Structure formats: C-alpha cells, structure tokens
Amino acid sequence: MDDLYDEFGNFIGEAEESEEESQHGATGDAYVNEDEANEEDVPNDQALMEIDEDGPSNAVVLHEDKQYYPTAQQVYGPGVETMVQEEDAQPLSQPIIAPVVQKKFTVQETDLPPVHFARDFMTDMMNFPEQIRNIAFAGHLHHGKTALMDMLVLQTHDIAERQEKRTGRKRDEQLRYTDVHILERARGISIKSAPMSLIMQGTRGKSHLLNILDTPGHVNFVDEVAASLRLVDGVVLVVDVVEGVQINTEQIIKHAVLEDLPLTLVVNKMDRLVLELKLPPTDAYFKLKHVIEEVNNVIENTLPGQGGKRRLSPEKGNVAFACSSMGWMFTLPSFAKMYAEKYPDVNAKDFGVRLWGDIFFNPKRRSFTRKGTEERSKRTFVNFVLEPIYKLYSHTISESPEDLKETLATLGIFLKPSQYKTDAKDLLKMVCEQFFGGAEGFVDMVVEHVPSPLEGARKKLDRYYTGPTDTKTAESIAKCDQDGPLVVQVTKLFNTPDAEHFYSFGRVLSGIAKAGQQVRVLGEGYTIDDEEDMSISTISDTWIAESRYNIPTSGVPAGNWVLLSGIDNSIVKTATIVPPRLPDDEDAYIFKPVKHFTESVFKVAVEPINPSELPKMLDGLRKVNKSYPLITTKVEESGEHVILGTGELYMDCVLHDLRRLYSEMELKVSDPVTRFCETVVETSAIMCYAITPNKKNKITMVAEPLDDGIAEDIESGKVNIKDPIRKVGQFFEDKYDWDKLASRSIWAFGPEEMGPNILQDDTLPSQVDKKLVNTVRDTLRQGFSWGTREGPLCEEPIRNTKFKLTDISLAADSISRGGGQIIPTTRRALYSSFLTASPRLLEPLYTVSMTGPADSVSALYTVLSRRRGHVLSDGPIAGTPLYGVRGLVPVIDSFGFETDVRIHTQGQAMVSLVFDRWSVVPGDPLDREVKTRPLEMASAMATARDFVLKTRRRKGLSEDVSVGKFLEPDLWKSLKEGGVLDG
C-alpha cells in the first residue's frame with residue numbers, strides 16, 4: 001500500500017479506469033482509424049524503422065469526417081448486423097411491436113389423427129384404380145349426409161376416446177367431422193363440399209379405398225354439388241325416410257341421371273319410424289317402399305323409358321337402410337349374411353334376394369310363398385328385418401338393466417355394467433353398433449354398383465373432354481394410365497386455414513401429380529386459337545384431402561383426387577392442368593366447365609364504408625369468386641360492384657366471407673334486387689335498317705320470338721353451334737319443324753355459344769352477294785353478341801329472341817366495311833328491330849317447396865298471395881302427419897319470404913326456394929302513360945314499366961327508352977308521320 005502514496009499522502013500509483021470508460025467497454029485510445037489499425041499489424045521493429053518524412057499533418061478535417069464516438073461495428077464487432085431506426089418513423093396508428101394475430105377460419109386437427117388402417121397402405125392402394133371408388137353423398141338439407149360421414153369416420157378413425165373425455169359442445173365439435181368452415185359450425189349446415197379418403201372393408205374382408213365427397217343439402221348450395229359430381233363415378237343419394245323425396249333430392253337425381261352417373265340409395269333415419277312415427281312394422285315396410293318408388297319415379301320422368309335400367313331396389317343391392325345417428329347401416333345381402341353367420345345352413349345370397357317385395361314367410365310350413373295365404377304369414381322384410389329391429393329398440397329402451405343384460409346376451413351383445421346406466425340414446429347406440437357391426441354392407445353396395453376410376457375413365461373422356469379422343473393423351477386418360485402425361489381436372493378451390501391462398505382440388509385423370517412439377521394451367525376460356533387463359537406454374541405440394549387435415553404425399557397417381565398448392569393464382573372456377581409439353585407435341589385441350597342446374601339471379605351491390613379500402617374489397621371479391629362455384633361478380637356501368645348468387649342464405653355466407661375471411665372490412669350492402677332479361681312477344685312491325693357512320697353499308701333486321709323450348713335446349717347443350725351445320729339444321733327440322741333453308745342459315749347463338757338467342761341469315765342469293773356477306777359474318781356476330789348481352793330496355797341480357805338478317809348492302813372495298821363500322825351498326829339494327837317487336841321484361845321465378853304440419857298450409861297461401869305468388873299443389877306426405885306444398889313466387893318479391901313463413905307458422909314449416917324459370921312481367925315496359933309514385937306499389941299492369949325505370953335509375957341511365965335513338969332519322973320521320981309509332 002505504501003508505494004502507491006508519497007509522504008504527503010498524494011496518490012502516485014497508476015490511474016484506474018473511470019466508470020464511464022468501463023461502461024462503454026472501450027477507451028478513447030481504442031478509437032482508431034483503419035490506417036492506424038493496419039500499422040499495428042506490422043511487426044514492431046519494422047514500425048520503428050519507418051520515419052514520418054512529412055511531419056505532422058496540418059490538413060483541415062471537416063466536421064462531418066471527424067469521429068467523436070465509436071461506430072456500432074467497432075463497439076459490437078464486425079460480424080454483427082446493426083439496424084438503426086428513427087423513433088418517429090412509424091405512424092402513431094401502428095404499434096411499435098404489433099401483436100401476433102392468429103388468423104384461423106377452419107376447424108383443423110393439430111396432428112394426423114390415429115386411424116385403424118396404415119396410412120402407407122392407403123398410399124399404396126392409390127396405385128390400384130380397380131380397388132378405388134370415387135363417390136359423393138348428396139341429398140336434401142338435414143337428411144343425414146354429414147352424420148353418415150361421421151359414422152364412417154368413427155369406424156375408421158381412433159377418436160372414440162377423445163369423444164368420451166369431452167362433454168357438451170366440446171363433444172359435438174368432434175362430430176360433424178366434415179363441417180370445417182366457421183359458418184358451418186355456427187349454422188349447423190354444410191356450406192362447402194368436403195372430401196375424405198378412407199380405407200374400408202367389405203363383408204368378405206377385402207379392403208377398398210373410398211374417396212367420398214360430403215356435399216351440402218341446402219338448395220342454395222347446389223353449385224357445390226354440381227362441382228363435386230364432375231369428379232365422381234357414382235352418387236350415393238341420402239333420403240330421410242319420413243320426409244321422402246324433397247325438391248333438392250329431385251334436382252340432384254335429375255342432374256345425376258342426365259350426367260349418366262350411377263345412383264345408389266341410402267334410406268336414412270330409420271329410427272324415426274320406430275321412435276317418432278311409431279308405425280307398426282307392416283306399415284313401416286309400405287312407407288319404405290313408397291320412398292324408394294318416389295326416387296324411381298323421378299328417374300323415370302327425367303329420362304322416360306330408361307327408368308327400368310336405372311331402377312333402385314333393395315333386392316338389386318343398390319339400396320341401403322341406415323340410421324346414421326345410431327351408427328348402423330345395412331343392405332339386404334349384408335343382413336342376410338348376419339343370419340348366415342348365426343345359422344350356417346342359410347345361403348346368404350338366395351336368402352337376401354327373398355327379403356324384399358311381395359314374398360311371404362309362412363312360419364308353420366317354414367316356407368316362402370308369393371301370396372300371403374296363411375293367417376300369420378308376413379312379408380319376409382317385415383318378419384326377418386323390421387321386427388327384430390323393432391324388438392331390439394323396444395327391449396333396450398324399456399327393460400331394466402338386469403333383464404336387458406340377459407336379453408342382449410342371447411344376441412351375443414355384452415356391455416360394461418356402467419354402460420347400462422347411461423342415457424337411453426347412448427345405450428341404444430352402443431347396442432346397435434354391436435348388433436349391426438360396421439358399414440361393410442355399404443362398402444359392398446358401392447363397390448358393386450359404382451364403377452372404378454378405370455371403368456369410368458372412358459365415360460369422363462367422351463363426355464367432358466373437348467379435344468379429339470384418338471390422341472396419346474386421350475388414350476392415357478381412357479386407360480387411367482399412371483405412366484402417361486399428367487392431366488388433372490380441377491373443379492373446386494378450398495381456402496387455406498388463414499384464408500390467404502387457395503388449394504386446388506381435382507381429379508388426376510392421367511399420370512402422377514408430384515410436387516415440384518412445372519405445369520400449364522388452362523382456364524375455362526382456353527382454346528388452341530386463343531391461349532390467353534393459360535399460365536405456367538409449379539406445383540409446390542400435393543396432399544390427400546381429409547377435410548380437417550391433409551396427408552402430405554410424394555405423388556398422387558391417376559384415378560384419385562388430389563389437393564394441390566401453388567397453382568391457384570390463375571384459376572377462377574375450374575381448370576385443366578397439363579405438362580408444358582404433351583407427347584408428340586400434341587395440342588392441349590380443356591375439360592368442359594361444370595354445368596350447373598340452377599342460375600344466379602339474386603343480386604346485391606357492395607361498396608366499402610371507407611372508400612380508400614376499395615382495392616382491399618376488390619381483392620376480397622376476387623377470392624370470394626374463387627371460393628363459391630356459382631357466384632358472379634361484375635361492375636355495372638354506374639360503377640357499382642354487383643354480386644350475383646342463388647339465394648338469401650348463399651348471399652349471407654358470401655358477404656360473411658367477404659367481410660371476415662378475405663378482406664376484413666366493413667361493407668355497405670344495397671337492398672337485394674334480381675337479374676332481369678328482355679324478350680319480344682311479336683314480330684317486328686317493320687324491317688329496321690341501320691346505316692354505318694361512313695354511309696357505305698346498310699344492315700336490315702327483323703326480330704321475332706323463338707318457339708317454346710328452343711332457349712332451354714340451347715342452354716342445356718342439346719344443340720351446339722360448333723357442331724356441323726347439317727347436324728344443327730337436322731335438330732331444328734326434326735324437333736321444331738323448321739324448313740331446311742332456315743335451319744341451315746343459323747349463324748350464331750348469343751350472347752355466348754350457349755346463349756338463348758339466334759342470329760339467322762335470311763338474305764337471298766338473288767338479292768345480295770353471299771361471298772361479300774361472308775366476309776363480314778364474324779363482325780356481324782360480334783355486334784349480335786354485344787347487342788344481346790345488354791338489351792335496350794335496361795341493359796339486361798336479351799332472351800328467347802331470333803334476329804333475322806333480311807338484307808345487307810356492303811361497300812366494295814374491305815376497308816369501308818371493317819369491324820368499327822359493322823359492329824355498332826349491327827347493334828343499332830338489332831335494338832331498333834327489338835323495340836318494334838313488342839318488347840317485354842322477363843323476371844326469374846322461384847319454385848317454393850314447403851314441408852310442415854297441416855295447419856301451416858293456409859299460412860303459406862296467405863304469404864304467397866301478398867307477394868305475387870301462387871300455390872300449384874298441396875297434399876299430405878304419405879305415412880306422416882306432414883304436408884307438402886309447391887308454389888311459385890317472383891324472385892324480386894321473395895326477399896324475407898322464408899322468415900315471413902316461419903313467423904306465420906311458429907317455425908314449424910321448412911321452406912326451400914329454387915330457381916324455376918323466366919316469366920314475362922305483366923305490362924308494357926314502354927308505356928309512358930303509366931305513372932309510378934314513390935313509396936307506392938305499382939298496379940299489376942304497370943309492374944314492367946316500374947321495374948324498367950327503377951333499374952335504369954339504379955344503373956345511372958337516362959329514363960327515356962326510345963326507338964328513335966336507334967332508328968335512322970329518315971325512317972323515324974316516315975314512321976312518325978305514318979302513325980306506326982306513337983310518341
């Protein structure tokens with residue numbers, strides 16, 4: 001200590017580091033320039049030898065070049081990245097550290113749930129298309145499709161323990177396995193189709209891969225059903241035994257029959273016959289028979305004469321009986337097998353055939369007869385099937401646990417003592433599951449009556465492929481060849497859990513879909529001549545879709561369904577996916593777009609509350625357009641953004657997704673309106689001509705209504721304008737008695753290829769130069785297409801009208817008869833001929849279908865009469881206390897109709913509204929004498945004028961609709977003077 005201080009007590013030791021310096025971790029000496037650092041690297045003796053010849057520098061160092069503090073790099077070292085941000089660079093509205101927002105809009109499994117089969121076995125099974133079946137569960141609302149799916153999920157997935165541990169709502173969430181959308185959970189109905197791939201065994205123990213699509217049952221979501229049916233080889237129709245065939249069941253049967261898809265039937269909710277209707281077994285048999293015959297009648301009425309070939313009947317093995325809530329399902333062969341296991345002498349196949357129809361069992365003689373001669377003889381189905389089920393139910397519900405234990409023991413059913421004390425419903429379910437076993441009978445039915453992808457491939461190719469069927473690609477599709485070029489038909493887009501992107505769901509028709517493949521995505525508008533609707537993308541992932549979870553896989557071979565990511569950007573509704581090059585450099589062709597069995601006629605306009613959020617809304621509209629198959633979004637002339645859907649619930653779901661999932665914003669939504677169409681009811685009063693702006697061409701046209709049924713035939717594809725002229729002509733000659741000349745002079749259907757209007761060349765070779773006319777044929781078609789897309793009354797599409805080109809004079813030089821001259825002039829000639837042919841407005845009508853108790857029928861009459869609607873038929877539903885009513889109501893008067901009916905019937909009636917047809921609105925839309933007053937209903941004959949004026953105002957058009965705007969001035973003047981036109 002002494003050597004640190006002198007004799008006077010002054011400190012003479014080395015100076016310690018000050019606190020400031022130690023805090024910074026660097027002293028003033030440490031701040032060196034690069035030159036100094038380099039000098040330090042030099043060995044000491046060499047540094048001593050160097051002499052600074054220049055002496056000290058007197059150069060002026062600028063303020064900005066001086067270094068007062070160490071740089072971040074000097075403080076933290078050279079390998080550390082440093083970022084400097086000014087404190088006020090972020091806006092106040094944005095938090096400095098934003099909270100992590102977890103966007104999740106679908107119910108998902110955290111991991112792959114355990115299953116009763118090896119997943120490797122499933123992926124191997126995908127290589128054997130003969131062991132695969134692609135099916136869809138379809139039927140009316142609440143007929144038990146999703147519950148049926150749950151039953152199959154519970155039999156294949158090991159989630160029973162999870163269910164037992166939970167109660168109440170948590171337990172219910174485990175069920176409805178394919179309802180994953182947040183709205184589906186909230187509303188209790190399916191909104192989207194949901195795929196599941198399951199390995200299931202038949203009665204012989206052979207495994208099959210079932211790819212199943214669970215489709216929605218509400219009539220508003222039939223677009224999902226249509227998109228699903230394109231991917232399947234057969235349909236499993238689910239019908240509630242009490243309600244029978246409802247309006248949506250009819251629609252689905254018709255569509256499946258017209259698309260030539262095999263049908264199998266599941267008669268569901270069998271327990272309602274026992275517990276709810278309390279029908280005796282014999283009456284229950286007649287009720288079942290009636291339901292099956294209802295289905296067969298719809299099939300026969302759809303394609304008269306072919307009903308026998310497609311007939312559904314239990315003895316054929318294509319009808320199953322089920323109670324999805326109790327977890328059981330059987331067909332006659334599988335029920336006969338249960339007897340055969342108990343009594344080895346019974347031949348299951350022969351016995352199964354005798355279990356349906358008018359075959360009676362005589363217990364005394366123990367024989368089967370065609371007539372019930374004996375007193376105690378009963379139909380075999382009643383004796384051997386229904387009565388045992390009735391007894392099983394009554395014993396389980398009514399007996400004490402001790403007696404029930406003995407009774408069940410005789411059937412080989414053993415339960416734990418605690419299970420006998422559970423709720424009657426749970427006890428029944430456990431007993432039924434042990435008694436009936438799994439769904440082996442259902443698997444047998446599907447395997448036998450639905451073709452495999454290998455057998456169904458040729459039908460898909462012939463029916464939907466637009467290209468030639470003799471190329472290598474087509475042959476590969478027909479053989480379902482894994483080694484061929486990749487061809488995938490995508491008909492559905494599913495959003496990712498965060499709703500940011502979409503997965504593309506489709507069927508692999510040829511080749512193997514693998515991750516990392518570069519592909520061409522061909523949209524609906526793609527043709528060889530016009531390759532605009534094509535993009536090149538790379539598949540980033542391939543999965544097997546299982547609704548709540550996706551199984552990642554290295555590749556999905558032909559005959560299966562695949563979920564793809566990374567290619568959704570250019571897909572709007574459907575797409576065909578092919579490799580960049582096909583074998584032999586063949587041309588790529590697409591599969592036809594999905595044909596829907598209804599139309600979008602329900603219309604609302606949307607705009608953001610905050611105008612700056614318009615781009616956000618447009619992005620949301622694009623995504624919603626992808627998500628719903630039948631939605632249409634467009635911008636009107638007035639600038640309003642319009643959404644077209646099928647009904648109120650559909651629109652409600654669309655707007656929910658737009659607000660919450662796809663754009664997270666508040667919207668202003670207009671009152672709902674409807675689409676209209678325009679038509680004529682007479683032939684044009686005069687031949688209307690229009691002269692081109694350069695005064696060198698003149699086009700003359702006449703408009704007249706089409707025969708009933710032609711518009712529907714064109715729209716359903718019975719006649720195609722792309723077919724040879726001879727074939728198109730033959731169709732009109734045979735079905736509508738057109739003469740040869742007229743039928744072979746059809747130039748176009750409009751506005752699109754399947755549009756319900758016809759452009760016909762009615763000029764004579766003696767009057768015009770046909771070769772010259774053919775040079776402007778395409779431009780005339782374009783003018784016709786433009787004109788029929790937006791009619792003159794209120795810019796709505798024209799329908800059911802034939803436009804005849806009666807005369808045309810053209811300039812000799814081609815430059816004077818270009819598209820710019822001909823197209824707008826054709827449109828003017830079309831409009832003037834249309835307005836002189838008694839134009840009328842068409843409005844869409846809904847079919848109203850109501851099911852409810854007898855006292856709710858009168859309420860429906862009341863509500864319909866207030867809304868310009870009427871009842872067509874009403875009557876009791878056989879074997880039930882319910883009534884069924886059918887009627888019609890205009891779509892524009894149907895808003896709030898369902899709520900109205902529910903209020904009037906105390907919620908007892910179920911109503912479905914389905915687009916039916918277009919109907920003429922009463923009144924003349926050009927009658928200027930009609931006066932419409934605000935807040936007053938227009939009189940019956942003023943309805944058309946009222947609709948036209950209000951639609952024009954909404955679209956920002958002038959209120960005056962005058963033929964004078966389109967007629968040539970001299971013709972207009974002469975017609976006014978002659979009194980042909982009034983006003």
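If you're wondering where the values come from, they're calculated on a predicted model, not measured in any experiment.
- Checked against ring pair (Phe, Tyr, Trp, His ring centres under 6.0 Å), Trp328 has the following partners two or more places apart in sequence or in another chain: Phe330, Phe436.
- Put simply, the side chain of Ile397 reaches to within 4.5 Å of the side chain of Leu275, judged on heavy atoms.
- There is no side-chain donor-acceptor pair under 3.5 Å between Thr178 and Ser547.
- Put simply, the side chain of Asp283 does not reach to within 4.5 Å of the side chain of Leu277, judged on heavy atoms.
- Residue Met850 holds its CE atom at 9.0 Å from CG of Leu882, rounded to the nearest 0.5 Å.
- Separating the CG atom in Leu213 from the CD1 atom in Ile135 is a distance of 9.5 Å, to the nearest 0.5 Å.
- A donor-acceptor contact under 3.5 angstrom links the side chains of His143 and Glu243, judged on distance only.
- Between the side chains of Thr203 and Asp444, a donor-acceptor pair is found at a separation under 3.5 Å.
- Between Glu259 and Tyr464, the closest side-chain pair of non-hydrogen atoms falls below 4.5 Å.
- Note on residues 293-306: pairs passing salt bridge (Lys or Arg N to Asp or Glu O under 4.0 Å), not counting sequence neighbours, are Glu293-Arg311.
- Taking the side chain as every heavy atom from C-beta outward, Ser197 and Leu209 approach each other to under 4.5 Å.
- Classified by interplanar angle (parallel below 30°, tilted 30° to 60°, perpendicular above 60°), the ring pair Tyr339/Phe384 is perpendicular.
- By the side-chain hydrogen bond (donor to acceptor under 3.5 Å, both in side chains) test, Glu440 pairs with no residue at all, sequence neighbours left out.
- Screening Ile199, Leu198, Leu210 against Thr156 for a side-chain contact (heavy atoms from CB on, under 4.5 Å) leaves a single residue, Leu198.
- Residue pairs satisfying the ring-ring contact (aromatic ring centres under 6.0 Å, His included) criterion with at least one member in residues 243-271, sequence neighbours excluded, are listed as follows: His255-Phe597.
- The NZ atom of Lys421 sits 14.0 Å away from atom NZ of Lys416, with the distance rounded to the nearest 0.5 Å.
- Between Met430 and Thr422, the closest side-chain pair of non-hydrogen atoms falls below 4.5 Å.
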* To do: I would like to know whether Val219 and Leu141 meet side chain to side chain contact (heavy atoms under 4.5 Å, CB included); could you show each step before the answer?
  => CA-CA 8 Å; Val219 287; Leu141 179 67; over 6 Å; no

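- Evaluation of the salt bridge (Lys or Arg N to Asp or Glu O under 4.0 Å) test over residues 209-238, restricted to residues two or more places apart or in two chains, returns Lys192-Glu224, Glu224-Lys492, Asp233-Arg507.
- For Asn127, the side-chain hydrogen bond (donor to acceptor under 3.5 Å, both in side chains) test picks out no residue, with sequence neighbours left out.
- Looking at heavy atoms from C-beta onward, Val239 lies out of side-chain contact with Val267 at the 4.5 angstrom threshold.
- Within the structure, salt bridge (Lys or Arg N to Asp or Glu O under 4.0 Å) contacts touching residues 244-255 (residues at least two apart or in different chains) are Glu250-Arg886.
- Every residue was checked against the side-chain hydrogen bond (donor to acceptor under 3.5 Å, both in side chains) condition with Glu184, not counting sequence neighbours, and none meets it.
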* side chain to side chain contact (heavy atoms under 4.5 Å, CB included) evaluation trace for Tyr390 with Val382 -> CA-CA 10 Å; Tyr390 270 65; Val382 174; over 6 Å; no

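- Looking at residues two or more places apart in sequence or on another chain, you find a side-chain hydrogen bond (donor to acceptor under 3.5 Å, both in side chains) between Thr407 and Glu399.
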* Step-by-step side chain to side chain contact (heavy atoms under 4.5 Å, CB included) determination, Ile253 to Leu237 -> CA-CA 8 Å; Ile253 296 169; Leu237 190 70; 3.6 Å; yes

* Asked: Do Phe442 and Leu152 pass the side chain to side chain contact (heavy atoms under 4.5 Å, CB included) test, and can you show the C-alpha distance, the side-chain angles, and the key distance before you say yes or no?
  -> CA-CA 10 Å; Phe442 167 74; Leu152 302 182; 3.9 Å; yes

* Asked: What's the verdict on side-chain hydrogen bond (donor to acceptor under 3.5 Å, both in side chains) for Asn134 and Asn211, showing C-alpha distance, side-chain angles and the deciding distance?
  -> CA-CA 5 Å; Asn134 297 322; Asn211 295 322; 2.7 Å; yes

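- Between Ile544 and Met122, the closest side-chain pair of non-hydrogen atoms falls below 4.5 Å.
- Judged by distance alone, the side chain of Asp158 and the main-chain N or O of Pro114 form no donor-acceptor pair under 3.5 Å.
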* To do: Would you check, one step at a time, whether the test side-chain hydrogen bond (donor to acceptor under 3.5 Å, both in side chains) holds for Ser912 with Ser849?
  => CA-CA 5 Å; Ser912 298; Ser849 172; 5.3 Å; no

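- Atom NE2 in His395 sits 12.5 Å away from atom CG in Leu428 (nearest 0.5 Å).
- One distance of note links OH of Tyr343 with CE of Met338; it measures 11.5 Å at 0.5 Å rounding.
- For residues 222-247, no pair satisfies ring-ring contact (aromatic ring centres under 6.0 Å, His included), with sequence neighbours left out.
- Between Asp271 and Ile389, the closest side-chain pair of non-hydrogen atoms is not below 4.5 Å.
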Please list every donor-acceptor pair under 3.5 Å in which a side-chain atom of residues 351-360 meets a protein atom from a residue at least two apart or in another chain.
| residue | atom | partner | partner atom | Å |
| --- | --- | --- | --- | --- |
| Arg354 | NH1 | Asp350 | O | 3.1 |
| Asp358 | OD1 | Arg379 | NE | 3.1 |
| Asp358 | OD1 | Arg379 | NH2 | 2.9 |

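- A donor-acceptor contact closer than 3.5 angstrom is absent between the side chains of Asn383 and Thr380.
- Judged as a salt bridge (Lys or Arg N to Asp or Glu O under 4.0 Å), the pairs with a partner in residues 332-346 (not counting sequence neighbours) are, in order, Lys337-Glu341.
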